[in-house]
2 protein chains.
Amino acid sequence: MPGARDLPHPDAASLVLTDVLFALSDPSRLALVRRLAQGPLEVAACQPTGGEVPKSTLSHHLKTLREAGVVRNVPEGRQRYVSLRREDLDDRFPGLLDAVLGTAAE
Amino acid sequence: MPGARDLPHPDAASLVLTDVLFALSDPSRLALVRRLAQGPLEVAACQPTGGEVPKSTLSHHLKTLREAGVVRNVPEGRQRYVSLRREDLDDRFPGLLDAVLGTAAE
DNA sequence: CCGATTGTTCGACTACTATCGAACCATGCC
DNA sequence: GGCATGGTTCGATAGTAGTCGAACAATCGG
């Protein structure tokens with residue numbers, strides 16, 4: 001049994017709107033979510049374009065997004081894949097993600 | 001000329017998405033925005049239903065919402081009227097407010 | 001003009017959040 | 001097993017946000 005090191009994720013039904021809004025209210029996190037909207041990324045690829053951020057800082061932001069239910073973080077071999085929980089979000093908060101992503105990046 | 005004591009409001013074109021999301025990410029502020037969606041209120045009426053909050057605390061939340069461009073705060077005689085900037089928000093972030101308000105209060 | 005009413009602002013304190021290095025953990029490869 | 005790789009967690013520190021009392025400002029009514 002390959003040691004399951006799965007991280008806790010809230011289930012779709014229990015997502016809290018204010019938590020989601022807070023997770024999206026940080027510019028660097030929102031920028032990441034925009035990129036994730038185009039497909040999953042490994043954690044290393046979640047680095048902001050250009051600048052390098054310490055792994056611990058990046059991991060912290062991913063945790064915020066994950067605990068709010070915005071992204072899913074799944075181990076895959078030696079790495080982890082981060083993906084947007086688009087369906088869950090659309091189901092619970094219809095139109096929210098589209099509205100947020102529909103605004104041009106600033 | 002009755003002393004104009006107008007508070008500063010960002011203009012519609014310069015609203016920042018992350019600031020708006022942050023302003024809405026607080027449960028008490030979001031609850032207030034829901035009520036404002038049904039029409040303007042005087043500041044005193046912005047008190048959370050039931051519990052009493054110090055005036056300074058309430059004023060602080062109103063400031064956060066105002067500076068993010070979510071509400072407008074206009075003096076009217078001895079009181080002030082707080083209103084949702086629905087058109088400005090819809091114009092700049094189409095669908096966002098509807099999505100946020102569309103979710104049942106928690 | 002005086003006092004009551006309606007709110008904002010200031011200052012202090014507390015609580016939370018961001019950031020980063022270092023330690024730690026699991027995996028894959030030799 | 002031993003070691004490099006990819007990430008999370010821990011702990012400390014600095015900055016930011018929430019809460020509240022007290023002071024201040026502007027208006028209306030006597």
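Lettering follows sequence order; numbering is per chain, from 1. Keep in mind that this is a model prediction, so the values were computed, not measured.
Put simply, His61(A) has a side-chain N or O that comes within less than 4.0 Å of OP1 or OP2 on dT19(C).
Sorted by first and then second residue, the salt bridge (charged side-chain N to carboxylate O under 4.0 Å, His left out) pairs involving residues 38-55 of chain A (not counting sequence neighbours) form an empty list.
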Between protein and nucleotides 7-10 of chain D, what N or O pairs are separated by less than 3.5 Å?
unit_1, atom_1, unit_2, atom_2, d
dG7(D), OP1, Val43(A), N, 3.3
dG7(D), OP2, Ala44(A), N, 3.2
dG7(D), N7, Lys55(A), NZ, 2.5
dG7(D), O6, Lys55(A), NZ, 3.4
dT8(D), OP1, Asn73(A), ND2, 2.8
dT8(D), OP2, Ser59(A), OG, 2.8
dT8(D), O5', Ser59(A), OG, 3.2

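Rounded to an integer number of Å, the gap from Asp26(B) CG to dT16(D) C1' is 14 Å. If you take CG of Leu21(A) and P of dT17(C), they are 15 Å apart, rounded to a whole angstrom. Distance, Glu67(B) CD to dG18(D) P: 11 Å, rounded to whole Å. In this structure, Gln47(B) atom CD and dC20(D) atom C1' are separated by 13 Å, rounded to whole Å. For the pair Glu52(A) CD and dG21(C) P, the computed distance is 12 Å after rounding to whole Å. Separating the CD atom of Glu76(A) from the C1' atom of dT5(D) is a distance of 16 Å, rounded to the nearest angstrom. Distance CG (Leu41(B)) to P (dG7(C)): 11 Å, rounded to an integer number of Å.
Evaluation of the side-chain hydrogen bond (donor to acceptor under 3.5 Å, both in side chains) rule for Ser28(A) yields Asp26(A) as partners, not counting sequence neighbours. Residues passing the side chain to side chain contact (heavy atoms under 4.5 Å, CB included) test with Thr49(A) are Arg35(A), sequence neighbours excluded.
Residue Phe22(A) shares its hydrophobic cluster (ILVMFWY side chains chained together at separations under 4.5 Å) with Phe22(B).
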In residues 60-75 of chain A, what donor-acceptor pairs under 3.5 Å come from side-chain atoms, sequence neighbours left out?
unit_1, atom_1, unit_2, atom_2, d
His61(A), ND1, Arg29(A), NH1, 3.2
Thr64(A), OG1, His60(A), O, 3.2
Arg66(A), NH1, Pro8(A), O, 2.8
Arg72(A), NH2, Asp88(A), OD2, 3.0
Asn73(A), OD1, Arg80(A), NH1, 3.2

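Side-chain contact check for Tyr81(A) versus Leu41(A): every heavy-atom pair is 4.5 Å or farther apart.
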